[in-house]
> 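First the structure, then my questions, so here it is.
One-based numbering along the sequence shown.
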Amino acid sequence: MQYNLLDKTILITGGNSGIGKAASIQLAKLGAKVVLACRSKERCVQALDEVRYTAESTKVEMMEVDMSLQHSVREFVADFKRRYEHLHVLIHNAANFDHTQEKPVLTADGLE
């Protein structure tokens, strides 16, 4: 099955590593405008260069967001809405997997 993703805006949280980065590369290869949403600017810049190079696409951009902080998410959404007319696909991939944690850890906002 082939999808027409030409110029579709796709937002990928956690797009700077693992599955998120692999998805970013594949979607950019299909012509999508890919936005990497990452917590670490340094890691995101590195991933941005790699995704652009590997996908042979200039339509890959980055935005910073810390998904564990509600104010960061709200600021991100407002900024995204200013920059982009549409969001066609959201891949919410951001996560923190620490299998050694025995108890829930709460964010500054009191979320697990």
> Would Leu5 and Val51 show up in the same hydrophobic cluster when neighbours are defined by side-chain heavy atoms closer than 4.5 Å?
yes

> Atom CG of Leu87 and atom CG of Leu11: how far apart are they, to the nearest 0.5 Å?
6.0 Å

> Is there a continuous path of hydrophobic side-chain contacts, each under 4.5 Å between heavy atoms, that joins Val89 to Tyr84?
no

> Does atom CZ of Arg52 have more than 12 heavy-atom neighbours from other groups under 6.0 Å away?
yes

> What distance separates Phe80 CZ from Leu90 CG, expressed to the nearest 0.5 Å?
8.5 Å

> Would Ile91 and Val65 show up in the same hydrophobic cluster when neighbours are defined by side-chain heavy atoms closer than 4.5 Å?
no

> For residues Leu27 and Leu48: do they belong to one hydrophobic cluster (side chain heavy atoms under 4.5 Å, members Ile, Leu, Val, Met, Phe, Trp, Tyr)?
yes

> Do NZ/NE/NH1/NH2 and the carboxylate oxygens of Glu50 and Lys21 come within less than 4.0 Å?
yes

> Show the nearest heavy-atom pair for residues Lys59 and Gly31, with the distance to one decimal.
NZ-O, 2.8 Å

> Quick one: side-chain contact (heavy atoms from CB on, under 4.5 Å) partners of Arg83, sequence neighbours excluded?
Met63, Asp79

> Say you draw a straight line from NE2 of His88 to CD of Glu85; how long is it, rounded to the nearest 0.5 Å?
8.5 Å

> How long is the span from the CG atom in Leu106 to the OG atom in Ser68, to the nearest 0.5 Å?
11.5 Å

> Group every Ile, Leu, Val, Met, Phe, Trp and Tyr by side-chain heavy-atom contacts under 4.5 Å, then state whether Val73 and Ile12 land in the same group.
no

> Does Val34 form a side chain to side chain contact (heavy atoms under 4.5 Å, CB included) with Thr9? I'd like the steps, not just the answer.
CA-CA 6 Å; Val34 177; Thr9 302; over 6 Å; no

> Taking CD in Gln46 as the centre, count heavy atoms belonging to other residues, nucleotides or ligands within less than 6.0 Å. Is the count above 12?
no

> Give, for atom CD1 of Ile10 and atom CD of Gln26, the distance between the pair rounded to the nearest 0.5 Å.
11.5 Å

> Of the non-hydrogen atoms in Asn16 and Cys38, which two are nearest, and what is the gap between them?
CB-SG, 3.5 Å

> Check Lys29 against Ala55 and note the closest heavy-atom contact, atom names and distance.
CG-CA, 3.7 Å

> Give me the atom names and distance for the closest heavy-atom approach of Cys44 to Met62.
SG-CB, 3.5 Å

> What's the shortest heavy-atom distance between Ser24 and Gly15, and which atoms?
OG-O, 3.9 Å

> Kindly compute the distance separating CZ (Phe76) from CE (Met67), expressed to the nearest 0.5 Å.
7.5 Å

> For the backbone of Val60 and the side chain of Lys33, can you confirm whether one donor and one acceptor N or O come within less than 3.5 Å of each other?
no

> For Thr13 and Asn93, work out which heavy atoms get closest and say how close.
OG1-N, 2.7 Å

